[in-house]
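Below: one structure, written as C-alpha cells.
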Amino acid sequence: MAELQITLPDGSVREFAPGTTGYDVAASISPRLAKDAIAVKVNGEVRDLHAPIPENAPVEILTFNQPEGRQVFWHSSAHIMAQAVQELFPGVKLAIGPPIDEGWYYDFDVEKPFSPEDLEKIEKRMAEIIKEDTTFSCEEKSRQEAIDYYRSKNEEYKVELLEGFEDDTVTFYHHSRFVDLCRGPHIPRTGIIKAFKLIASSGAYWRGDEKRPMLQRIYGVSFPKKSMLEDYLHRLEEARKRDHRLLGKQLELFSISEEVGAGLILWHPKGARVRNEIENFWREEHLKAGYELVYTPHIANRSLWDQSGHTQFFTESMFGPIEVEDKLFQLKPMNCPFHIQIYKSRMWSYRDYPLRWAELGTVYRYERAGTLHGLLRVRGLTQDDAHHFVTQDGIEEEIVWVLKFCLHILKSFGFSEYDIFLSTRPEKAIGKKEDWDRAENSLRRALETVGLPYQVDEGEGAFYGPKIDLQIKDALNRGWQCSTIQFDFSLPERFDLYYIDRDGQQKRPFMVHRALLGTIERFFGVLIEHYGGNFPLWLAPVQVKVLPITDNFNEYGKTVVEKLKEQNIRAVLDDRSEKIGAKIRDAELQKVPYMFIIGAKEAESSTVSVRKHGTGDLGVKQLQDAMADLLAEIKSKGIDES
C-alpha cells in the first residue's frame with residue numbers, strides 16, 4: 001500500500017505507513033508532544049488519538065492547550081463522573097453530559113437532589129476510576145440495536161435521543177465498567193486526568209423545557225496538572241466575589257421581583273444613575289460620530305413581523321400576540337423592521353448614503369426560566385442597536401468606520417483586549433453568492449485595515465448574512481460577546497428597499513445591523529463583574545462621600561456637598577452620629593471611589609482630607625483643587641492616553 005502523506009501545521013509533509021495513528025504522528029515529532037497529546041484533528045475533524053488515519057490529510061495533534069483538546073478532555077471527564085454516579089446511586093437514569101466553556105456537566109434523573117456530601121462521595125469514586133487508568137474505546141451499533149439496548153435498561157432519555165437521530169449507525173464509548181452513547185472523541189486513558197473538582201449541582205429541565213422532567217445537573221472541571229486546578233479555583237473564587245447578582249444587591253443597583261416577573265429588571269436609584277451615565281455617553285458619542293437617533297414603539301402589527309420573517313424564524317422567542325380592536329399586535333423582539341419603515345417613508349439617493357440610525361430600543365424575548373441569569377440573560381432587554389444603509393461600493397469603508405467606532409466606545413469603558421471572529425456563509429443561506437463573497441471580503445479587508453487579528457468561523461454566519469463578533473476580555477480574562485457587525489441580505493429583499501444610484505437606476509442597498517454594547521442590561525452586568533463593583537469614577541453611582549468626624553462639622557459638610565453638586569459631581573453626606581471609622585468602613589463596603597473627611601482644621605481652611613477607595617489617605621487638599629482633580633479624572637474616564 002502507498003505511504004500516507006501527512007501535512008503538518010507548519011506546512012511540511014511527511015510520509016507514514018498505512019494504519020498510522022495520531023499518537024504515531026505525535027511521537028515522530030517529539031516525546032513531549034506524544035506525552036501531552038489528547039486527540040488528533042484530521043482534515044478538520046477531531047478524532048481519537050489512537051484511531052488510524054484513513055487517508056492523506058492535514059493533521060494537527062491536540063493537547064489541553066488548544067480549545068478542541070480541552071473539550072475532549074472535559075467530555076471524557078463527564079463520562080467518568082457519570083460512571084461514579086451510576087455506581088453510587090443504583091437506578092439513576094442518564095441524560096446528557098457535554099463539555100462547556102470551562103469544564104462539563106452531566107444531567108441525571110435521580111430521586112432527590114444531590115447534596116454536598118453526595119458530591120464528595122462522587123469525587124472520591126471518580127478518583128478511584130481515574131487511578132485505574134483504563135482506556136477509552138469506541139464501538140459501533142445500529143441505531144435500532146442501541147434503542148433496544150437502552151430500552152432494556154429503562155434509559156428513556158437515551159432512547160429519546162436515539163429516536164431523534166437520522167444516522168443508521170451510532171457509536172458507544174467504553175471505559176472501566178461504563179458505557180455511554182457518544183459521538184466522541186475521548187482521551188486515550190482515564191489516568192491522563194490529574195486534577196478535578198465538582199463545582200456545583202442544580203436542577204435543570206430535560207432539554208431546557210419546563211414542561212419536561214426536572215433533572216439534577218452536576219458541574220465539574222478537570223485538568224492535566226494540579227497547579228491548573230489551583231489556578232482555576234482561585235479564579236473561580238475571584239469570579240464569585242465579582243458575581244454581579246451579589247454585588248447588585250450589596251450595592252443596591254438592581255433587583256428582580258417574582259411579583260413583576262422573572263427576567264424583568266428593576267433598576268434602583270444607584271443602578272439607574274450608572275445606566276444613565278452609560279446611555280448619555282452612548283448618545284453623545286453617536287451624535288458626535290455622525291449617527292442619527294431614532295425612537296420606535298414597543299409593539300407593532302403582527303403583519304409587520306410576518307413580512308420581516310420573525311414569526312417564521314423567531315416565533316418561539318416572541319411574546320404575544322396581543323389582540324387590539326380585532327387586530328393582532330406583537331411585542332417587538334427586535335428593532336430592525338421599525339428602522340426599515342422609517343427608511344421606506346421617503347425616497348433615498350446614493351448622495352444620502354451612508355445612513356446611520358441608532359436606537360436604545362427595549363425589546364422583549366421569551367427566554368426559558370432555566371436560562372435566565374441575573375442581568376446576563378433577561379426577558380426585557382435594551383439593545384444599543386444601529387442600522388447602516390450603504391451602497392455596495394461604500395461597504396468596506398463603512399465597516400472600517402464602524403470597527404474604529406466600536407473600539408473607541410469599548411476602550412472608554414476600560415476594555416482593550418478582544419477575541420474577534422468572522423463568521424462566513426452557512427450551507428443554508430439566502431442571497432446571491434457573489435453578494436456573500438463581496439460582503440465577506442469587505443469584512444476581512446476591514447479587519448485587516450484596522451489591524452485586528454481574527455479567527456474565521458467557517459459556515460457560522462446567520463442565514464441572512466456574514467458577521468464580525470467582538471468578544472471583550474474582562475479583568476479575569478473571560479470573554480464576553482458584545483459587539484456584532486452583521487450583514488443582512490434578507491430584510492432589504494423582504495421590504496423591497498432601494499435607492500437611486502448615480503446612473504438613475506434603482507439599486508438594492510447593503511444593510512448592516514450593528515450592536516455595540518450588546519444590550520444595556522448584559523453590558524451592565526459585565527461591567528459590574530469586570531470592575532468587581534469598583535466602577536471608574538465617571539460611572540460610579542456615588543462619586544464622593546463627605547464624612548464629618550463629628551456632628552459639629554455637618555454644616556461644613558453640607559457646603560462641601562453643595563459645591564460638589566454644582567460641578568455635577570455625585571456626592572452624598574454621611575451625617576450620622578457614628579464614629580469616623582464606621583463611616584469609612586461603610587463607604588469602603590459601598591465601593592465609593594472617594595471620601596472627603598472633614599474636621600476642625602478642614603472646616604477652618606476650606607480643605608478636605610481625601611481618601612481613595614482601596615488605596616487609603618491621599619492627604620489634605622484645598623476643596624477647589626480636590627474638585628479639579630475629580631473633574632479631570634471624570635473627563636479622562638481614568639484612561640491614560642499617553
Side-chain angles (χ1 to χ4, degrees), residues 286-296 303-310 312-313 334-359 385-406 422-426 428-450 452 461-468 483-516:
H286 277 70
L287 290 171
K288 281 195 296 185
Y291 279 96
E292 296 290 347
L293 302 185
V294 298
Y295 293 88
T296 59
S303 60
L304 180 69
W305 308 110
D306 292 338
Q307 186 174 359
S308 69
H310 285 92
Q312 179 182 357
F313 297 108
M334 293 183 183
N335 302 299
C336 343
F338 294 94
H339 294 192
I340 285 173
Q341 293 304 309
I342 295 173
Y343 184 96
K344 288 175 69 68
S345 67
R346 55 159 284 192
M347 182 78 72
W348 299 96
S349 161
Y350 73 93
R351 294 186 182 90
D352 301 310
Y353 276 28
L355 297 175
R356 300 164 181 160
W357 294 342
E359 177 183 14
D385 218 350
H387 293 95
H388 295 233
F389 299 91
V390 193
T391 65
Q392 296 185 13
D393 292 339
I395 191 62
E396 185 176 331
E397 181 181 353
E398 188 69 2
I399 298 300
V400 169
W401 186 92
V402 175
L403 280 170
K404 289 180 178 178
F405 183 69
C406 285
L422 169 60
S423 299
T424 60
R425 192 174 192 266
K428 295 182 179 179
I430 65 166
K432 301 174 184 176
K433 186 177 185 302
E434 55 265 33
D435 285 343
W436 275 84
D437 292 343
R438 190 171 190 174
E440 288 175 10
N441 289 333
S442 296
L443 294 176
R444 281 192 179 89
R445 287 194 295 266
L447 287 165
E448 290 160 4
T449 298
V450 181
L452 295 173
F463 73 92
Y464 51 82
K467 64 176 178 172
I468 293 172
S483 304
T484 297
I485 301 168
Q486 169 79 65
F487 274 88
D488 192 331
F489 300 125
S490 173
L491 292 182
E493 290 284 344
R494 283 177 173 271
F495 287 93
D496 191 27
L497 303 187
Y498 63 88
Y499 66 95
I500 304 302
D501 206 357
R502 290 179 178 83
D503 57 8
Q505 299 299 310
Q506 292 183 2
K507 297 286 179 65
R508 190 78 73 207
F510 271 2
M511 180 180 178
V512 177
H513 304 263
R514 188 238 63 192
L516 201 162

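Note that these values count all heavy atoms, side chains included, but never hydrogens, waters or copies made by symmetry.
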Residues which pass salt bridge (charged side-chain N to carboxylate O under 4.0 Å, His left out) with [X], listed by chain and number, not counting sequence neighbours:
| X | value |
| --- | --- |
| Lys433 | Asp437 |
| Arg508 | Glu493, Asp496 |
| Arg356 | Glu398 |

Please enumerate all residues that pass side-chain hydrogen bond (donor to acceptor under 3.5 Å, both in side chains) together with [X], with sequence neighbours excluded.
| X | value |
| --- | --- |
| Asp385 | Asn335 |
| Arg445 | Glu396 |
| Gln392 | Arg438 |
| Tyr353 | Tyr343 |

Counterpart residues, side chain to side chain contact (heavy atoms under 4.5 Å, CB included), relative to [X] (two or more places apart):
| X | value |
| --- | --- |
| Glu292 | Trp357 |
| Ser349 | Arg351, Asp352 |
| Lys404 | Val400, Val450 |
| Lys432 | Glu434, Asp435 |

Report task. Mind checking ring-ring contact (aromatic ring centres under 6.0 Å, His included) for Tyr498 and listing every partner two or more places apart, or none if nothing turns up? Result ->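 ring-ring contact (aromatic ring centres under 6.0 Å, His included) list for Tyr498, sorted by chain: empty.
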
Requested in this report: Taking atom types as modelled, find out whether Arg514 and Tyr291 have a side-chain donor-acceptor pair closer than 3.5 angstrom.
Outcome: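 A pair is found: one side chain offers a donor N or O, the other an acceptor, under 3.5 Å apart.
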
